[in-house]
Structure formats: structure tokens, C-alpha cells
Engineer: 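This is the structure I want to talk about, given as C-alpha cells.
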2 protein chains.
Amino acid sequence: MSVDKKEHIMHVAIELFAEKGFEGTSIRDLAQKADVNIAMVNYYFGSKEKLFEQLLADKAQFMRAKIEAVESNESLTEIEKLDHIIDGYVTRFLTQPEFHRVFLQELLVNQRANLHQTVLSLFEKNTRDVVSIIEKGIKKKQFKKVDPQLTFISIVGTINQVMMSKEMCNTLMNASANHNPYQDPKFKKRILEHIKQMVHAHLIITTVS
Amino acid sequence: MSVDKKEHIMHVAIELFAEKGFEGTSIRDLAQKADVNIAMVNYYFGSKEKLFEQLLADKAQFMRAKIEAVESNESLTEIEKLDHIIDGYVTRFLTQPEFHRVFLQELLVNQRANLHQTVLSLFEKNTRDVVSIIEKGIKKKQFKKVDPQLTFISIVGTINQVMMSKEMCNTLMNASANHNPYQDPKFKKRILEHIKQMVHAHLIITTVS
DNA sequence: GTTTAAATTAAACAACTGTTTAATTGTGAT
DNA sequence: ATCACAATTAAACAGTTGTTTAATTTAAAC
């Protein structure tokens, strides 16, 4: 029963942190929504901040795995690797929009320095992987001489911008306010097509006939 | 003396909100850093939340002005208009990074519904203006058939991603940790060149000779 | 059935929150 | 000099915060 309960608390915590932020979420809010006693959070996690740390740590390594797998797959061309990574990013972020917003908040609010650093170093690892793919493409003269780091920033930035506000996405899709765009396959398709179209135009050299 | 003091409080508030978030900033923090009495914030602004509202409202209209000016300037081509808007965005955001982070936080944390809506409607106005420019370019067959909304999202998303963390920018530029990238003209130039290069490749039709 | 330890609870803790009050100081007009 | 009003202050307010305690319940082991 205890493991389930612990995970239940973590799940509710992600929702609340994503909605109200870390400071804006009280342990009493969390305890009430998770239907547990106030003391259980500190009993299981030690403190509110440690709960947050564990949330980030748990998901972070999961987010690393796919990129590393794609990067080391030698049977793929560089542009195919990028397309796979874009697919992976969009899919993961759309299936866990709440957590991803917690992630973004921690990157944005620089109050808890150690957490900020954790999130940052994770992002930098992903940046390095993608940059090395783009640089390979440039060396093979398949890609234009672009700015590899900022190209990755544009990919991630596009997705993050979309993740920022559900309401923004709904006006984007001409959907009603109560609609959940992150579960809408049309929305996912639209974002994927846009990013790939833009990245391809940005990277691939158009051979003049 | 009173107007100066009021603006002084607002200035310190932007810094603190950007650094610690709205919930993470206490009125006592603010009063201490601004070197005023705790009661002065409520005396001038009524409440902490109204102070925040005024911060947003004051800057918001300033951010609107340039886009409207560019959009109505008939002597510019569509791609020139976009370049001007990109210039304006980057310049404004780099000169006021603290405020912009406050802006992003409010978009991200959905706790104060009315503030969230204010920020959102402002963003939507800007989106509409830029989208109409891109659509004109498509109609004139100067632009490819892209997704106008998401193209704007990519422009803004790239800038926002860069604004998210000073530390991230420094590793991006191979700069030391105490460096302020937002005041570095090389950094600005690099971002501007990347965004324009990417947007041009994405939009402009390459005529096959 | 007793024992042992984990799980759970309500209550209390001290510190902090935004806000208000009531008293005091400062300033400009008459 | 006096009045009126704005500006400023320290203190107190009521409520919330994260955390801890000490008591109780639950559950498994022997």
C-alpha cells in the first residue's frame, strides 16, 4: 500500500505544482487533493523541497534515455535522427504536459539554486547530443552552415511556447476553452509538421538543378 | 518624491518577481530591498496583486506599440516587416529581461486567472498582427504555404527559450557564470542572425533557375 | 496472542504571509 | 503660525506556511 500511496502523492504533486507553481502549492492543498494526512508528505519525502527534487530526478533520466538511443543509432541519417528526436520531444511533452510545466517553472524561477542547476545540466546534455548531430550533418555538407545550438533552442523553444498555456493553444486551434489540446491528435500532427518543415528548410541544402 | 518612490518600488518589484516569482516574493522582501516601510506597498498599490497588475499593464501597452507601427507601415515588404518585428522583439526583451521573465511566469502559472487572461489577450493581439503579415506574403506568393500561427510561435519561442535562464545562455556562449549575456552585443547579434536565417529559409520561396 | 515496527493521525509548533490600524512626521497653502 | 492632507512609521492583526510531535492504528512476524 505504501508504494502506491507514495506514487499517488507524487502524481497529485505534479498536477498541483504545474497548476499553481512550487511556492503557490501548500502541503495542505496537496494533502487534501491526494486525500492523505498533512504529515504524510514529510513522512515519505522528508520535506516539500525534497519531494520536488525527487519528482524532477525521477522523470529526468527517463527523458534522457530516448535521445541517447537515437544518437547512437548508426543506421539513421542525420536528418532522420533529428526527426526522431523531434517526434520524441513532442510526444513526451504532450503526454506529460503537467510535468513539463513544472520543469519550465524551475528553469524560469531561479530561487532554489540546486534544483535550477539540476534542470539546467539535464538540458545541456540534450543540447550537446543534438548539436553534435547537426555538426555532423554540416561536415557531411548535407546541412547548411547554421547555428547548431540556437537551432536546438528553436526546436525546444517552439514546443515550450506551445506548452506554456492551454488557453493559448485552444485559441490557436479555434477550440473551446474547456478543450484539452494536448490530447488532441490533430494538434500534435500540426505541431510536428510545422517544426519538421521549418527545421528541414533551415538545415537541408537545396541543390539547384 | 512620491512618484519617484512609487516607480522605485515597481522597479525593485520587477527584479524580485523575476528572480523569485510572484508567490516567492514577500512584501517584506520587497520593502527591505526597496528600503521602504512594509505598509508603503499597500498604501501605493492597494495590494500585492494590484502591484503586479500595474506592472503588467504599464509595460504591456509599450510592447504593443511597435508591432502596430510596423504592421501599418505600407512602405515595407512582408519580409521586411517580419525582420523589423524580430528586431523589435529581441531588442526589447534583451533590454528588459527581468520584466520579460515576470511575463513568462504569469503565462506559465495559471493561478491568478484574471492576470493570466490579461497576458494571454496581449499575446493574442501580437499573434494576429504577425499572422496577417505572413498570410499576405503567402497570398502574394512570396512566402511558402507555412503555418502562420506556429511560425510566430517559433519566433517568440526561440526568444523565450533564450530568456529563460541566464546560466543557459552563458554556457551557450562559453562565457563565465557571472557574465550577463543579455547585455552582450555579440549575443544579441547571434540570436538575431539565427532567427532571421531560419525564418527566411522557412518562408521565402527559392526560385529554381 | 503477543510483539515489533511501520503507517497514520490530530494537534501543536514557530515562523512567515498580506493587510490594516492608529499614531506620527512632513509639506505646502492660507 | 495654522490648517489640511499626504506620507511614513511601528505595531498588531488574522490567517497560512512547512514541519514536528506524540499518540494511535494497522499489519505482519513469531
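Keep in mind the model is a prediction, meaning the values are calculated, not measured. Below, all heavy atoms of this structure are taken into account, side chains as well, without hydrogens, waters or symmetry copies. In what follows, every chain begins at residue 1, and chains take the letters A, B, ... in the order their sequences are listed.
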Engineer: If you check every side-chain atom of B/Arg28, which of D/dG18, C/dA7, C/dT19 has the closest atom?
Structural biologist: C/dT19
Engineer: Per the side-chain contact (heavy atoms from CB on, under 4.5 Å) rule, which among B/Lys48, B/Gln105, B/Arg101 passes with B/Phe17?
Structural biologist: B/Lys48
Engineer: Counting only side-chain N and O atoms of B/Tyr43, is one of them less than 4.0 Å from OP1 or OP2 of D/dA7?
Structural biologist: yes
Engineer: Compare the minimum distances between each of D/dT19, D/dG18, C/dT19 and the side chain of A/Ser47, then state the nucleotide with the smallest one.
Structural biologist: D/dT19
Engineer: First locate atom CG of A/Leu51, then atom CG of A/Leu56, and finally report the distance between them rounded to the nearest 0.5 Å.
Structural biologist: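 Those atoms lie 9.5 Å apart.
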Engineer: Atom CG of A/Leu51 to atom C1' of D/dG18: distance rounded to whole Å?
Structural biologist: 12 Å
Engineer: Taking the side chain of A/Ile38 as heavy atoms from C-beta outward, which of D/dT19, C/dG18, C/dT19 is closest to it?
Structural biologist: D/dT19
Engineer: Let's see if you can work this out: which of C/dG18, D/dT19, D/dA7 has an atom nearest to the side-chain heavy atoms of B/Met40?
Structural biologist: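 Side chain of B/Met40 sits closest to D/dA7.
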Engineer: Quick check on DNA chain C: between B/Glu49 and A/Val36, whose nearest nucleotide comes earlier from the 5' end?
Structural biologist: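 Closest to the 5' end, via its nearest nucleotide, is A/Val36.
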Engineer: Between P on D/dG15 and CD on B/Glu23, what's the gap in Å once rounded to a whole number?
Structural biologist: 20 Å
Engineer: For the atom pair CG (B/Leu82) and CG (B/Asp87), what is the distance rounded to the nearest 0.5 Å?
Structural biologist: 11.0 Å
Engineer: Would you please confirm or rule out a distance under 4.0 Å between OP1 or OP2 of D/dT8 and any side-chain N or O of B/Lys5?
Structural biologist: yes
Engineer: Taking only side-chain N and O atoms of A/Asn42, does any of them lie within less than 4.0 angstrom of OP1 or OP2 on D/dT19?
Structural biologist: yes
Engineer: Of the nucleotides C/dT20, D/dT21, C/dA7, which has the atom closest to the A/Ala39 side chain?
Structural biologist: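 Closest nucleotide among those given: D/dT21.
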Engineer: Side-chain donor-acceptor pair under 3.5 Å between B/Ser165 and B/Glu167, yes or no?
Structural biologist: yes
Engineer: Which whole-number value in Å describes the distance from B/Leu30 CG to C/dG18 P?
Structural biologist: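 So the two atoms are 9 Å apart, to the nearest Å.
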Engineer: Expressed in angstrom and rounded to an integer, what is the separation of A/Leu16 atom CG from D/dT17 atom C1'?
Structural biologist: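 Atom-to-atom, A/Leu16 to D/dT17, this comes out as 15 Å.
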Engineer: Separation of B/Ile27 atom CD1 from D/dT17 atom P, in whole Å?
Structural biologist: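 Atom CD1 in B/Ile27 sits about 16 Å away from atom P in D/dT17.
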Engineer: Identify which nucleotide among D/dT9, C/dA7, C/dT19 has an atom closest to any side-chain atom of B/Asn37, counting heavy atoms from C-beta outward.
Structural biologist: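 Closest nucleotide to the B/Asn37 side chain: D/dT9.
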Engineer: Over how many whole Å does the gap from A/Lys50 atom NZ to D/dT19 atom C1' extend?
Structural biologist: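 The answer, rounded to whole Å, is 12 Å.
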Engineer: Would one find a side-chain N or O of B/Tyr44 under 4.0 angstrom from OP1 or OP2 of D/dT8?
Structural biologist: yes
Engineer: Within the side chain of A/Thr91, is there an N or O that forms a donor-acceptor pair under 3.5 Å with the backbone of A/Gly88?
Structural biologist: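 Checked: no pair found.
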Engineer: Can you tell me how far C1' of D/dT8 sits from NE2 of B/His8, to the nearest Å?
Structural biologist: 15 Å
Engineer: Considering only C/dA7, C/dT19, D/dG18, which nucleotide approaches the side chain of A/Ser26 most closely?
Structural biologist: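 Nearest to the side chain of A/Ser26 among the choices is D/dG18.
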Engineer: Once you round it to whole Å, what is the distance between P of D/dT17 and CZ of A/Phe22?
Structural biologist: 13 Å
